[in-house]
Amino acid sequence: MIYIIITTCINNKIGVKNSEHRKKRYFDCITTLLNLIKNDTNIKPIIVENNGKRDTYLDKLDCDIVYTDNNKFSFANKGGNELLDIKEVIKNYNISDNDIIIKLTGRYKILNLDFINLVKDNSNIDAFLKFFNVCTQRYHNNKDDCVLGLFAIRCKYLKSFNYNFKRSPEVEFSSYVSKNVKNIMSVKDLHLECCFANALKILRV
């Protein structure tokens, strides 16, 4: 089984605080994904939002939603809050160790099914990452940096991963994967449109 965990945070503490832009971006990106996978019974999408259980505009989307309280915690970066959200979804849905989890940042748009099909067609692979720095726009062939907006990994590796908050979340996660996961596929093109929170810049990776 493949689970797509879509991470969201309506009341963001970091980056540009433009609630209307964030709302439109979530609807656009998540609706695009749901339309792409609507006929695939082997994929389970789940939205997670971390500002507490309440009614939100995300409820209008045709998708399971898990509300957590993890945005109340303060970490060196938002990767810590996001990882808590992912682990809470894993626990709530009792996701098996060998199931694949695709993590997608909710404000990022998957442009086509290429990445999802890549995951589906390579069941022997344990992790799919693009080893690329979105700031320098350079590949890291030594697998020590990656795009965190979209990746796929077997559930057991996410369950055992924790940030040390000594380096960037991208560096810590990619280093963990390269050291602990045997079968890794380095992805050259995610077909992903990123919208960065710090300045709402768009970048296709």
Calculate, to the nearest 0.5 Å, the distance between atoms [atom1] and [atom2] belonging to [X] and [Y] respectively.
| X | Y | atom1 | atom2 | value |
| --- | --- | --- | --- | --- |
| Ile6 | Ile86 | CD1 | CD1 | 11.5 Å |
| Cys146 | Phe128 | SG | CZ | 15.0 Å |
| Leu200 | Cys195 | CG | SG | 5.0 Å |
| Cys29 | Leu104 | SG | CG | 7.5 Å |
| Leu150 | Leu33 | CG | CG | 9.5 Å |
| Asn164 | Glu172 | CG | CD | 5.0 Å |

Considering residues, nucleotides and ligands other than [X], do more than 12 of their heavy atoms fall under 6.0 Å from its [atom1]?
| X | atom1 | result |
| --- | --- | --- |
| Arg167 | CZ | no |
| Lys91 | NZ | no |
| Asp62 | CG | no |
| Arg204 | CZ | yes |
| Asp55 | CG | no |

Test: Lys23 cationic atom under 6.0 Å from Tyr26 six-membered ring centre, within 45° of axis: no
Cation-aromatic face contact Lys120/Phe115, 6.0 Å, 45 degrees: no
Partner of Arg154 by salt bridge (charged side-chain N to carboxylate O under 4.0 Å, His left out), out of Asp126, Asp99, Asp97: Asp126
Suppose we screen for ring pair (Phe, Tyr, Trp, His ring centres under 6.0 Å). Which residues come up paired with Tyr176, at least two apart in sequence or across chains? Phe161
Leu36 reachable from Leu61 in the ILVMFWY side-chain graph, under 4.5 Å edges: yes
Could you check whether Tyr139 and Phe131 have their ring centres less than 6.0 Å apart? no
Do Phe173 and Phe151 have their ring centres less than 6.0 Å from each other? yes
Whether [X] side chain and [Y] backbone form a donor-acceptor pair below 3.5 Å:
| X | Y | result |
| --- | --- | --- |
| Asn18 | His21 | yes |
| Lys103 | Leu148 | yes |
| Asn71 | Asn11 | yes |
| Ser160 | Tyr157 | yes |
| Arg54 | Gly52 | yes |
| Lys109 | Glu193 | no |
| Arg25 | Arg107 | yes |
| Asn133 | Cys135 | yes |

Where [X] and [Y] come nearest, the two heavy atoms and their spacing:
| X | Y | value |
| --- | --- | --- |
| Thr8 | Gly106 | CG2-CA, 4.3 Å |
| His191 | Asp114 | NE2-OD2, 3.2 Å |
| Asn50 | Asn81 | ND2-CB, 4.2 Å |

Walk me through whether Leu192 and Leu111 qualify under side chain to side chain contact (heavy atoms under 4.5 Å, CB included). CA-CA 6 Å; Leu192 181 71; Leu111 300 174; over 6 Å; no
For Asp28 and Lys24, run side chain to side chain contact (heavy atoms under 4.5 Å, CB included): C-alpha distance rounded to whole Å, both residues' side-chain angles, the deciding distance at 0.1 Å, then the answer. CA-CA 6 Å; Asp28 183 21; Lys24 289 180 179 178; over 6 Å; no
Those residues that, when tested against Glu88, pass side chain to side chain donor-acceptor pair (under 3.5 Å) (two or more places apart): Asn70
Does a side chain donor of either Asn77 or Tyr163 reach within less than 3.5 Å of an acceptor in the other side chain? no
Side-chain H-bond candidate by donor/acceptor type, Asp144 with Ser174, under 3.5 Å: no
For a side chain to side chain contact (heavy atoms under 4.5 Å, CB included) check, start with the C-alpha distance between Val187 and Leu129, then their side-chain angles and the critical distance, and finish with the verdict. CA-CA 6 Å; Val187 182; Leu129 277 76; over 6 Å; no
